[in-house]
Amino acid sequence: MARTAVLICQAVQIPVWLGLTGLICHFVFLHAASAWKKQLHGVDPDVDFRQLNEECTITSIEHEAKLVKKYHPGESPAVTWTCYDMYVYHGEVQGKDFIAAPEVIPRCSVSCSFGSQKPSSYAEQQRVDCWSPAKRPVDRNAYDCGDETCIQIFSPDSQIAEKMYNVKVLKIAAYIGLITFVVCLLATAWIVRRVLRDQQSQRLMEAEQ
């Protein structure tokens with residue numbers, strides 16, 4: 001009986017580990033998705049911001065290449081590195097200076113030493129549409145701001161759409177984790193049954209001899 005238990009433990013190590021990892025990922029991603037969705041509840045870019053009649057002028061642009069480490073529990077590889085080009089726009093509108101929220105563009109590269117720099121969406125001295133908060137304080141959980149003015153040079157609708165897309169991705173990842181757990185649970189049950197059947201057959205053969 002002890003030998004059978006040892007065989008079962010050895011046989012189910014991988015599916016049990018994968019199943020528990022999938023279950024943990026399910027709860028982690030589902031919690032993150034729920035938290036993000038809660039932050040975006042009641043957010044309406046058309047109400048929170050108004051487009052200015054006057055265009056904003058990009059006065060200067062700062063660039064930084066930043067290497068970001070990402071963790072992927074239960075996946076292979078578990079850790080990846082991605083280089084991002086980050087642009088900070090300084091602008092002017094109605095005689096006032098402002099700093100817009102950074103534009104972050106990923107490179108298809110695991111190192112900032114390789115791969116070409118991604119171009120910014122705007123250039124210096126370019127005039128662009130911009131949006132100003134229609135009410136204050138601005139919900140910083142929903143909108144990214146470069147300074148206290150929170151003037152946007154990219155549509156606030158696009159920010160919310162991107163974050164809602166991220167919520168959907170997190171939910172999909174959560175349910176993939178749950179499916180992994182269920183599949184591994186069924187696989188574990190099948191393996192245990194197979195080991196028990198094999199051990200029973202072996203004992204019968206030994207008894208006949």
Side-chain angles (χ1 to χ4, degrees), residues 25-72 80 82-109 112 116-177:
C25 289
H26 168 72
F27 286 113
V28 169
F29 290 141
L30 195 62
H31 175 74
S34 299
W36 274 38
K37 189 173 182 180
K38 185 177 180 180
Q39 290 178 352
L40 298 175
H41 179 71
V43 171
D44 187 348
D46 293 331
V47 174
D48 299 335
F49 283 82
R50 60 183 178 86
Q51 185 171 355
L52 298 178
N53 294 326
E54 181 181 340
E55 291 182 326
C56 294
T57 302
I58 305 298
T59 55
S60 64
I61 303 174
E62 297 176 15
H63 170 260
E64 179 185 5
K66 189 173 183 180
L67 194 61
V68 178
K69 186 178 184 180
K70 289 188 176 182
Y71 296 91
H72 310 278
T80 58
T82 304
C83 182
Y84 289 86
D85 286 304
M86 303 180 65
Y87 294 95
V88 177
Y89 296 94
H90 295 254
E92 183 271 333
V93 63
Q94 297 176 351
K96 297 181 180 179
D97 296 329
F98 68 89
I99 301 174
E103 179 184 23
V104 182
I105 307 174
R107 294 188 195 179
C108 296
S109 175
C112 292
S116 58
Q117 176 181 332
K118 297 293 183 180
S120 59
S121 297
Y122 301 132
E124 291 187 4
Q125 302 308 315
Q126 183 175 349
R127 297 179 64 83
V128 300
D129 291 334
C130 52
W131 292 258
S132 176
K135 58 181 182 180
R136 296 185 182 276
V138 177
D139 187 348
R140 295 298 184 96
N141 292 321
Y143 302 101
D144 299 324
C145 301
D147 60 12
E148 66 279 357
T149 66
C150 202
I151 290 177
Q152 306 288 318
I153 58 174
F154 297 99
S155 169
D157 293 281
S158 63
Q159 283 193 38
I160 301 304
E162 181 179 354
K163 291 181 179 180
M164 289 302 297
Y165 173 78
N166 291 335
V167 169
K168 291 180 181 179
V169 171
L170 286 172
K171 284 185 176 181
I172 291 172
Y175 289 115
I176 289 175

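The model shown is predicted, which means the values in this text are computed figures rather than measured ones.
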| query | So how far is it from Glu55 CD to Ile153 CD1, rounded to the nearest 0.5 Å? | reply | 12.5 Å

| said: Tell me if the NE2 atom of His63 is crowded by more than 12 foreign heavy atoms within 6.0 Å. | reply: yes

| Any donor-acceptor pair under 3.5 Å from Gln152 side chain to Asp144 backbone | yes

| Counting only N and O atoms by type, is there a donor-acceptor contact under 3.5 Å from the side chain of Asp147 to the main-chain atoms of Phe98? | no

| said: Less than 4.5 Å apart, side chain to side chain, heavy atoms only: is that true for Pro102 and Tyr89? | reply: no

| Within-4.5 Å side-chain heavy-atom neighbours: Ile160 and Leu40 | yes

| field | Note: Arg136-Asp48 ion pair, threshold 4.0 Å (strictly below) | value | no

| field | Residue pair Glu103 / Ser121, side-chain donor-acceptor N/O under 3.5 Å | value | yes

| request: Considering non-hydrogen atoms only, spot the tightest contact between Tyr87 and Asp85 and give its length. | output: CE1-CB, 3.9 Å

| query | Can you tell me if His26 uses its side chain to pair, donor with acceptor, with the backbone of Ala174 under 3.5 Å? | reply | yes

| message | For a side chain to side chain contact (heavy atoms under 4.5 Å, CB included) check, start with the C-alpha distance between Thr149 and Ser132, then their side-chain angles and the critical distance, and finish with the verdict. | response | CA-CA 8 Å; Thr149 66; Ser132 176; over 6 Å; no

| request: Please lay out, stage by stage, how Asn166 and Met164 fare under the test side chain to side chain contact (heavy atoms under 4.5 Å, CB included). | output: CA-CA 5 Å; Asn166 291 335; Met164 289 302 297; over 6 Å; no

| What distance separates Arg107 CZ from Lys66 NZ, expressed to the nearest 0.5 Å? | 14.0 Å

| task | Check for a donor-acceptor pair, side chain of Glu162 on one end and backbone N or O of Gln159 on the other, with a separation under 3.5 Å. | result | no

| task | Please report the C-alpha distance between Val93 and Ile151 in whole Å, then the side-chain angles of each, then the deciding distance to 0.1 Å, and finally whether the side chain to side chain contact (heavy atoms under 4.5 Å, CB included) criterion is met. | result | CA-CA 9 Å; Val93 63; Ile151 290 177; 3.8 Å; yes

| query | Hey, does the side chain of Tyr122 reach the backbone of Arg127 with a donor-acceptor pair shorter than 3.5 angstrom? | reply | no

| Just wondering, are more than 12 heavy atoms of other shown residues or ligands nearer than 6.0 Å to NZ in Lys163? | yes

| task | Locate the shortest heavy-atom distance separating Glu54 from Cys130; write the atom from each residue and the value. | result | O-SG, 3.8 Å

| query | Do any N or O atoms from the side chain of Glu92 and from the backbone of Ile58 form a donor-acceptor pair under 3.5 angstrom? | reply | no

| request: Can you see which heavy atom on Val47 is nearest to which on Ala134, and at what distance? | output: O-CB, 3.4 Å

| Any chance the rings of Phe49 and Tyr143 have centres within less than 6.0 Å? | yes

| field | Atom pair CD1/OH of Ile105 and Tyr84 - distance to nearest 0.5 Å | value | 12.0 Å

| field | Gap between atom SG of Cys150 and atom CD1 of Ile99 - 0.5 Å precision | value | 12.5 Å

| note | To the nearest 0.5 Å, atom OG1 of Thr57 lies from atom CD of Gln94 at 11.0 Å

| task | Check whether any side-chain heavy atom of Lys37 sits under 4.5 Å from a side-chain heavy atom of Lys171, and report yes or no. | result | yes

| request: Calculate, to the nearest 0.5 Å, the distance between atoms CD and SG belonging to Gln117 and Cys83 respectively. | output: 9.0 Å

| Going by atom types alone, do His90 and Asp97 pair a side-chain donor with an acceptor below 3.5 Å? | no

| query | Is the backbone of Asp157 close enough, under 3.5 Å, to the side chain of Ser155 for a donor and an acceptor to pair up by distance? | reply | yes

| query | With a 4.5 Å heavy-atom cut-off, do Leu52 and Arg50 have their side chains touching? | reply | yes

